[in-house]
2 protein chains.
Amino acid sequence: MTASSRSSAAVEDYLERILELMTTKGYARVVDIAASLQISQASVTNMLQRLDAEGFINYEKYRGLMLTESGEAVARAIAQRHELLTDFLTLLGVPSEVREHDIEGIEHHMSPSTLLAIESLTMELKKHPMLLKKIQGAQKKRRSRGPLRSEE
Amino acid sequence: MTASSRSSAAVEDYLERILELMTTKGYARVVDIAASLQISQASVTNMLQRLDAEGFINYEKYRGLMLTESGEAVARAIAQRHELLTDFLTLLGVPSEVREHDIEGIEHHMSPSTLLAIESLTMELKKHPMLLKKIQGAQKKRRSRGPLRSEE
DNA sequence: AAAAATAATTAGCCTAACCTAATTTTTTGT
DNA sequence: ACAAAAAATTAGGTTAGGCTAATTATTTTT
């Protein structure tokens, strides 16, 4: 009955996409979620049942779903993290393809403390465009010499 | 023969710990690895067999193990990432308990591009102690007002 | 050198998240 | 209205990475 204690990375991913679909299209069907996450519809159905059981959505077979309060709260928190990280990495000049991939990997593992730190940092960096230029420049230099490993 | 294409987060964790044990104690026994990763010895034995099969270590039952070239390369890459991230988050004033936890979660998901950007940023930040003070200050303020809330 | 303690291995399970194939329900086009 | 298409569900696998309990090797102590 209660939304359970801690949500896994997978749960967070689903909720994030569901919220996004709800806000952009007004609804989130199994087929849309599957396409968005690039997984099978069967897997989505399965997860929706679990999300319902855990109190993150209200789900009725074949009929559709709605985020609960708690589900929406989780989804919004993740979306906010995602946005913050996008903002931050964009500022640093990380190329968009790589950026999105990295964010999807790391967004489930950042504590409020770390997020707060990055938020502060991001805000501060925005006030110092010269500094940002320097940072982006330093990257180009190194990249051409060969950094840590092969590029992605 | 060849170390396989892509290493999972778990593989990377094991290799990182093995390298650390090797350098600090001179050897890495099953019991030590298990204690360090807080998992059972049985699981470690299992993974060691896999690491051997995939060419990351040379492993002889009951006798011990050595990192191969490829295993050591992976381990060093991860260790370097870990160090960089520690440096970065420390600079931002993220408390050490949280910091370590977050790093363990995210270090397996960062592309060379992102790492390079953070490296440049970290170097630049070190030259601007006043800026850092400001960032750390901003965090304290917010933290006392509320956990993770959006700003402008 | 034998017994006791410690370390390592094996065997057999478990769970989370995925998958495909088959089936059922809903929607759509004529 | 009803057949065809699309969407959703169920049933039954698979894989990674953990676990415990039982067994076997090795090391230490007496």
Side-chain angles (χ1 to χ4, degrees), chain A residues 3-18 21-22 25-67 71 74 78 101 104-105 107-109, chain B residues 3-18 21-22 25-67 71 74 78 101 104-105 107-109:
Chain A
S4 92
S5 42
R6 188 59 182 105
S7 37
S8 73
V11 165
E12 292 182 350
D13 276 332
Y14 277 89
L15 292 175
E16 185 179 10
R17 297 308 174 102
I18 288 169
L21 288 167
M22 291 295 244
K25 316 184 63 169
Y27 53 82
R29 293 175 314 174
V30 170
V31 70
D32 299 318
I33 300 168
S36 174
L37 292 172
Q38 309 209 82
I39 60 189
S40 73
Q41 293 179 206
S43 298
V44 173
T45 296
N46 230 341
M47 179 58 96
L48 292 186
Q49 287 164 356
R50 185 178 143 198
L51 293 178
D52 181 85
E54 293 185 5
F56 294 119
I57 64 176
N58 290 321
Y59 178 54
E60 284 181 83
K61 277 188 190 178
Y62 295 106
R63 307 308 307 283
L65 64 91
M66 286 292 298
L67 285 165
V74 172
I78 304 292
H101 177 268
E104 271 155 28
E107 67 183 341
H108 309 291
H109 304 281
Chain B
S4 89
S5 43
R6 188 59 182 104
S7 38
S8 72
V11 164
E12 292 181 351
D13 275 332
Y14 276 91
L15 292 174
E16 185 179 10
R17 296 308 173 101
I18 288 169
L21 288 167
M22 291 297 245
K25 315 184 64 167
Y27 54 82
R29 292 175 313 173
V30 170
V31 69
D32 300 317
I33 300 167
S36 173
L37 291 172
Q38 310 211 82
I39 60 187
S40 73
Q41 292 178 207
S43 298
V44 172
T45 295
N46 231 342
M47 180 58 96
L48 293 185
Q49 288 165 356
R50 186 178 142 198
L51 293 178
D52 182 85
E54 294 185 5
F56 295 118
I57 64 176
N58 291 322
Y59 179 52
E60 284 181 81
K61 277 189 190 179
Y62 294 107
R63 306 308 307 282
L65 65 91
M66 288 292 298
L67 285 165
V74 172
I78 303 291
H101 177 269
E104 273 155 27
E107 66 184 340
H108 309 291
H109 305 281

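These numbers come from the heavy atoms of this one structure, side chains and all, not from hydrogens, waters or symmetry mates. To find a chain, count down the sequence lines: A is the first, B the second, and so on, and within it residues start at 1.
- C:dC18 atom C1' lies 15 Å from atom CD of A:Gln41, rounded to whole Å.
- When distances run from any side-chain atom of A:Ser40 to the nucleotides C:dA17, C:dA7, C:dT20, the shortest one goes to C:dT20.
- Using a 4.0 Å cut-off, no side-chain N or O of A:Gln49 falls inside it from OP1 or OP2 of D:dA8.
- Closest to the side chain of B:Ala42, from the set C:dA17, D:dA8, D:dA21, is D:dA21.
- Side-chain nitrogen and oxygen atoms of A:Ser43 include none within less than 4.0 Å of the OP1 or OP2 phosphate oxygen of C:dA17.
- Among the nucleotides C:dC18, D:dA21, D:dA7, the one closest to any side-chain atom of A:Arg29 is D:dA7.
- For B:Val31, whose side chain is taken as the heavy atoms from C-beta onward, the closest listed nucleotide among D:dC19, D:dA8, C:dA8 is C:dA8.
- Taking 4.0 angstrom as the limit, B:Thr45 places none of its side-chain polar atoms (N or O) nearer than this to OP1 or OP2 of C:dT10.
- The CD1-P distance, from B:Ile39 to C:dA8, rounds to 13 Å in whole Å.
- Residue B:His101 places its NE2 atom among 12 or fewer non-hydrogen atoms of other residues, nucleotides or ligands, all under 6.0 Å distant.
- Distance from the side chain of B:Lys61 is smallest for C:dT9 among the nucleotides C:dT9, C:dA17, D:dA8.
- In terms of position along DNA chain C, the nucleotide closest to B:Tyr59 lies nearer the 5' end than the nucleotide closest to the other residue of the pair B:Tyr59 and A:Arg63.
- Between D:dT20, D:dA8, C:dC18, one nucleotide has an atom nearer to the side chain of A:Tyr62 than all others, and that is D:dA8.
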